[in-house]
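Just so we're clear, the structure is a prediction, and the values are computed from it rather than from any experiment.
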Amino acid sequence: MFELETSYAILLVFCLLAVCAFEFVNGFHDTANAVATVIYTNTLKPWVAVIWSGSWNFLGVFLGGISVAMGVVNLLPVETLVDQNIAHSIAMVLALLVTAIFWNLLTWYLGIPCSSSHTLIGSIFGVGLAFSFLTEATGEALNWAKVEETGLALLISPLFGFSVTIILMFVLRSVTKKTEAGEALFKEPKKNQPPPWWIRSILFITCTLVSFFHGSNDGQKGVGLFMLVLIGIVPGYFALNGSQNVTTLPTTLTRMEQVLVTVDSSVLSQPDRKALGIMMYNIDDLQTHFAKIKTAESIQKAKKFEVRKDIMVLDRSLRALVKKEEVRLSKVDKEILLAGLVDLRKVTDYSPTWVILCISCSLGLGTMIGWKRIVKTIGEKIGKEHLSYAQGASAEFVAASTIGISSALGMPVSTTHVLSSGIAGSMVASKGIKNLQADTVRNILIAWLLTVPVVVIMSGGLFLLFRTIF
């Protein structure tokens, strides 16, 4: 299998199954984000809700693009961590997977709506940090620009969900004040009695949107993790998009080179001059590989990872260079460089359809089981009052909007954090801060605060342990 020894082929299959298991756990761990409101407002029966949500999670992964997936892949510079020893790649992958699955299962068992996104990204961060402590470590162990960008998105999104839900609740209350619709929206649902059809329709739509966008964001993290495994262990087959047409790339690279030779290296610092030299070397190397071929599949298997490394290093270095004030390039020249990088990244940023299908099925099926623990926390334990129609609709609308925008921007965010923050915001908008259940909020906050440091230490420790064992 992929020209691997039997033992390594078995480990590869195990790792891929573990990625599917992670996404399956993610499904039932995060199901509550979409179905809690429709269940607790009697809009849908529980099993109808989870099957419907699972179906839209499936579609979200399948139709949501791969920008978030590539964001996850690019957090960890695989070209730095992967070497000739395939066992080291397997150590990296297993450390990520064991940590992420363990923490997700633990928080699910405790009924705490903890973020799968924080778990996965913290695990990646831990492996990168652990690698940087190794004596043989060279180059960046983490893509710090991407780490900063992702960390900011994960931090801001729950604050956004909390505050915007409060604003939306106040707007709804003001617009519908002293109307029949207002009374219906802010009324506590009657036991076992569905809401009026128009409220039911709104909640049904918001549930569908949260489910779809959860798939397009959280599900894509699974696609990214799957690709991380394949690129790390069998780069000769998956480092590049073999079907990508590369006939125009030699011309693109020549234009980029013509721009870079105009850069005055005398105004650059020593590290930047060195980086410029490496970029010129990368461009020359890529021109050699792409000359006289039609698709990336024509590149030798042994050279595909080298090509990927050239592209990724060139991308990071060049984007950093054009931002420097001392590099006085015209707007046209910058556009030539950045457009060239976009063309080159089409060769590295991809995912086979079968990978997306595997993750879609795993997330969709996972969504349909194990949902009760966290649904109960979101529906009953965040606030002191029963979830009203307005609270459920506001929290889900804000969550769906936030996740949808983030997916379009290629930014991974936590569906769990956004929605549970929205529920908390709706409770505060109703009767103030006293309307929150202190014990539950404290437990959620503790889990949120512990997740990243715990998984960083655990994944980093496991990476060093597995690397030693293998």
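Residues C15 and V229 come closest through the heavy atom pair CB-CG1, 3.9 Å. Of all heavy-atom pairs between D218 and K221, the closest is OD1-NZ, 2.8 Å. Closest non-hydrogen pair, V223 versus S351, comes out as CG1-OG, 3.3 Å. The shortest non-hydrogen separation linking G236 to K304 is O-CD, 3.2 Å. When all heavy atoms of A399 and V210 are compared, the closest pair comes out as CB-CG2, 4.4 Å. Here the closest heavy-atom approach between residue M70 and residue T348 is recorded as SD-O, 4.3 Å.
For the atom pair I469 CD1 and I90 CD1, the distance stands at 13.0 Å (nearest 0.5 Å). One finds the CG atom of L462 at 12.0 Å from the CD1 atom of I457 (value rounded to the nearest 0.5 Å). The distance from atom CZ of R316 to atom CG of L318, rounded to the nearest 0.5 Å, is 12.5 Å. Atom CD1 of residue I51 and atom NZ of residue K45 lie 14.0 Å apart, to the nearest 0.5 angstrom. Once rounded to the nearest 0.5 Å, the distance linking CZ of F102 with OG1 of T119 reads 11.0 Å. Note that OG1 of T208 and CG of N57 are 11.0 Å apart. Values are rounded to the nearest 0.5 Å.
Annotation for F62: atom CZ counts as buried by contact number, over 12 foreign heavy atoms lying within 6.0 Å. Atom CH2 of W354 is surrounded by more than 12 heavy atoms from other residues, nucleotides or ligands within 6.0 Å.
Side-chain atoms of M411 and S67, non-hydrogen and from C-beta on, never get closer than 4.5 Å to each other. At a threshold of 4.5 Å between non-hydrogen side-chain atoms, the residues I199 and P196 count as touching. Put simply, the side chain of L249 does not reach to within 4.5 Å of the side chain of L286, judged on heavy atoms. Residues L63 and S216 form no side-chain contact, since every pair of their non-hydrogen atoms from C-beta on lies 4.5 Å or further apart. Here the side chains of V413 and I403 are in contact, with some heavy-atom distance below 4.5 Å. The shortest side-chain heavy-atom distance between L230 and M227 falls under the 4.5 Å cut-off. Counting heavy atoms from C-beta on, the side chains of L341 and R319 come closer than 4.5 Å. For the pair Y350/F238, a side-chain contact is recorded, criterion being any heavy-atom separation below 4.5 Å from C-beta on.
A donor-acceptor pair shorter than 3.5 Å can be found between the side chains of S407 and N217. Counting only N and O atoms by type, the side chains of S211 and W52 include no donor and acceptor under 3.5 Å apart. Between the side chains of N241 and S243, at least one donor N or O sits under 3.5 Å from an acceptor N or O.
No donor-acceptor distance shorter than 3.5 angstrom exists from the side chain of S317 to the backbone of L314, with no hydrogens or angles considered. Counting only distance, with no hydrogens or angles, the side chain of S89 and the backbone of G232 share a donor-acceptor pair below 3.5 Å. For Q220 (side chain) and G65 (main-chain N/O), a donor-acceptor pair under 3.5 Å exists by modelled atom type. Of the possible polar contacts, one joining the R308 side chain to the A239 backbone as a donor-acceptor pair under 3.5 Å is found. Within the 3.5 Å criterion, the main-chain N or O of L96 finds no donor-acceptor partner in the side chain of T99. Counting only distance, with no hydrogens or angles, the side chain of S53 and the backbone of A49 share no donor-acceptor pair below 3.5 Å. With hydrogens and angles ignored, the 3.5 Å screen pairs no side-chain donor or acceptor of S421 with any backbone N or O of V418. Side-chain N or O atoms of R200 include one that pairs as donor or acceptor with a backbone N or O of T43 at under 3.5 Å. Judged by distance alone, the side chain of S394 and the main-chain N or O of Q391 form no donor-acceptor pair under 3.5 Å.
Applying the side chain to side chain donor-acceptor pair (under 3.5 Å) rule to pairs touching residues 225-237 yields E3-Y237, sequence neighbours excluded. Evaluation of the side chain to side chain donor-acceptor pair (under 3.5 Å) test over residues 153-163, restricted to residues two or more places apart or in two chains, returns none.
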Carefully, step by step, assess S362 and F22 under the rule side-chain contact (heavy atoms from CB on, under 4.5 Å). CA-CA 9 Å; S362 299; F22 168 79; over 6 Å; no
Assess whether side-chain contact (heavy atoms from CB on, under 4.5 Å) is satisfied between V19 and I359, documenting all intermediate values. CA-CA 8 Å; V19 175; I359 298 299; 3.9 Å; yes
Would you check, one step at a time, whether the test side-chain contact (heavy atoms from CB on, under 4.5 Å) holds for Y8 with I233? CA-CA 9 Å; Y8 288 145; I233 298 178; over 6 Å; no
Evaluate E396 against L419 for side-chain contact (heavy atoms from CB on, under 4.5 Å), listing each step before the verdict. CA-CA 7 Å; E396 286 211 322; L419 190 91; 3.9 Å; yes
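Legend: residues meeting side-chain hydrogen bond (donor to acceptor under 3.5 Å, both in side chains) with N42, ordered by chain and number and at least two apart, are absent.
No salt bridge links E306 with K309; every basic N to acidic carboxylate O contact stays at or beyond 4.0 Å.
Ring geometry for F463 versus F131: interplanar angle of 30 to 60°, hence tilted.
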